[in-house]
Amino acid sequence: MAADDKSTRYRDNLQGEVDGASLYRALAAAEEDPKLADVYRRLAAVEDSHAEYWKKQLTKVGARIPGLKPGFRTRALAFLARRFGPAFVLPVINTLEQADSGAYDKQPEAVAGGLPAAERSHARILAAISDDRTGLEGGTIARLEGRHRAMGGNALRASVLGANDGLVSNLSLVMGVAGAETSNAMILLTGLAGLVAGACSMAMGEWLSVNSSRELYQKQIATEAMELEEVPEEEKEELVLIYQAKGLSEAAAKALAEKLFADKKTALDTLVREELGIDPQELGGSAWGAAGASLVLFSVGAIFPVAPYFFLSGTQALLASLAASGAALAAIGAGTSLFTGRGALFSAMRQLFIGFAAAGVTYGIGHLVGVSLAG
């Protein structure tokens, strides 16, 4: 392999390690639990050592060692962690870590330095922190459960995609009506109607989805409670088998099950979590909260295409609508790069292209329909 190709790969690897170390330090600074904060600091120290390794590789091939800073994705995730807490961004970071865990497997220099094993170890640690049902022992699970209730799923991903739904759908609607060359008042009315109708539809759909899940969970918990009353020994044996499958010895699994079954409330809580994978304190979250969040997020995206028509008219309003929507599309695209792993610029341009393509199609259809009706 040419020296230039090697140096490029080494610089890319170095950038990844710089990003990782910076992000873990940000998580450590934002983490309230001192034990978890210490885990993040240790992960950052390992990433720092990996960065030094790639600097040495660059030196060996006679390449200049660049003065690298954390990239856009890292800075954005660090900001969100500081603002909303590590739990808000953990699902995204975990997804990216799992995707990158095999990145060094086919690089001989990385293999020689033992980096692949360390990266896979990081992925396992992040997965354990992000999922309290991976077999972590009692004290660790207890520390993490409050974090998962706060997460309520991948809030960051839901926020970005919810706003995107409102933006693209209402932009397409507004452009379709504008293409028919209707009056400014008609475009404004249509855009607002699309915003309200879409937001209400999304909110109702989210309410039904979450409420249906809650009702199903409640039925499953009631069934589990009945089985605990009627056949407690069988339920205890199931729990023993679950803990054995997670790596505990038979004796340790039986001892833990006996301890948990000493209190029926604790036994039911544990069975529901371990057998059904349900958090009985959360039950999928609040249906009304999910509906309200969905309504707000959709509305935030949907207002961009229609807002210029409050103040402008004709071609000026059309261009302003496209400009505002384009800026929002690019911002949403950059937002999606946080959890897709693609570059922010590429994601922004892709989102812009897709959104404007949809708007162009509806504008063209609106124009054809308008001409047809006028004729």
Side-chain angles (χ1 to χ4, degrees), residues 1-31 33-82 86 89-131 134 334 336-348:
M1 182 181 292
D4 287 346
D5 292 337
K6 279 190 175 183
S7 61
T8 299
R9 177 162 57 84
Y10 293 166
R11 277 193 290 268
D12 290 342
N13 291 340
L14 176 58
Q15 179 67 66
E17 301 298 346
V18 168
D19 285 335
S22 175
L23 185 54
Y24 286 133
R25 278 193 289 270
L27 291 177
E31 179 56 60
D33 187 316
K35 292 183 179 179
L36 278 176
D38 185 57
V39 170
Y40 292 134
R41 281 191 289 270
R42 292 183 183 185
L43 292 175
V46 175
E47 300 286 10
D48 283 333
S49 68
H50 290 179
E52 290 301 318
Y53 180 84
W54 292 117
K55 287 179 181 178
K56 290 179 181 177
Q57 298 303 312
L58 283 167
T59 301
K60 286 181 180 180
V61 296
R64 183 179 62 85
I65 298 176
L68 297 177
K69 295 181 179 179
F72 165 78
R73 184 186 303 113
T74 300
R75 295 195 304 273
L77 289 172
F79 169 79
L80 292 171
R82 289 191 296 269
V89 296
L90 264 179
V92 173
I93 297 172
N94 179 44
T95 299
L96 295 174
E97 191 71 44
Q98 303 308 314
D100 291 341
S101 61
Y104 286 152
D105 289 352
K106 295 183 178 180
Q107 298 189 40
E109 305 91 343
V111 173
L115 272 61
E119 292 299 322
R120 281 191 289 272
S121 175
H122 286 191
R124 287 194 296 270
I125 292 169
L126 262 293
I129 295 174
S130 299
D131 185 356
T134 56
T336 63
S337 73
L338 298 179
F339 48 80
T340 63
R342 301 302 298 265
L345 181 60
F346 171 84
S347 298

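Treat the numbers as computed from the prediction; the structure is a model and nothing was measured.
- The closest donor-acceptor contact from the side chain of Ser22 to the backbone of Asp19 lies at 3.5 Å or more, if one exists at all.
- Residues Ala110 and Tyr53 come closest through the heavy atom pair N-OH, 4.4 Å.
- Of the inter-residue distances, the one linking Glu119 atom CD with His50 atom NE2 reads 6.0 Å to the nearest 0.5 angstrom.
- Shortest non-hydrogen contact noted between Ala344 and Ser337 is CA-OG, 3.7 Å.
- Here the shortest heavy-atom pairing between Val92 and Leu77 reads CG1-CD2, 4.1 Å.
- Interatomic distance, OG1 of Thr59 versus OH of Tyr10, reported as 11.0 Å (0.5 Å rounding).
- Judged purely by atom type and a 3.5 angstrom limit, Arg75 uses its side chain to pair as donor or acceptor with the backbone of Pro70.
- Contact check for Asn13 versus Gln107: side-chain heavy atoms found under the 4.5 Å cut-off.
- Dense packing is recorded around CZ of Phe346, with more than 12 heavy atoms of other residues, nucleotides or ligands lying under 6.0 Å away.
- Taking CD1 of Ile65 as the reference point, atom CG of Leu14 lies at 8.0 Å (rounded to 0.5 Å).
- Considering only heavy atoms from C-beta on, Thr74 stays 4.5 Å or farther from Val18 through its side chain.
- Heavy atoms only, all atoms of each residue included: Leu68 and Arg11 are closest at CD1-O, 4.1 Å.
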For a quick test of your reading: what N or O donor-acceptor pairs under 3.5 Å do the side chains of residues 41-49 make, sequence neighbours left out?
| unit_1 | atom_1 | unit_2 | atom_2 | d |
| --- | --- | --- | --- | --- |
| Arg42 | NE | Asp38 | OD2 | 3.0 |
| Arg42 | NH2 | Asp38 | OD2 | 3.2 |
| Glu47 | OE2 | His122 | ND1 | 3.3 |
| Asp48 | OD1 | Arg25 | NH1 | 3.4 |
| Asp48 | OD2 | Arg25 | NH1 | 2.9 |
| Ser49 | OG | Val46 | O | 2.5 |

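- Nearest approach of Leu36 to Glu31, heavy atoms of both residues: CB-CG, 3.7 Å.
- A donor-acceptor contact shorter than 3.5 Å is absent between the side chain of Gln57 and the backbone of Glu52.
- Counting all heavy atoms, side chain and backbone alike, Leu58 lies closest to Pro66 at CD1-CD, 4.0 Å.
- To the nearest 0.5 angstrom, Lys60 atom NZ is 10.0 Å from Lys6 atom NZ.
- Note on ring orientation: taking the six-membered ring where Trp is involved, the planes of Tyr104 and Trp54 are tilted (angle from 30° to 60°).
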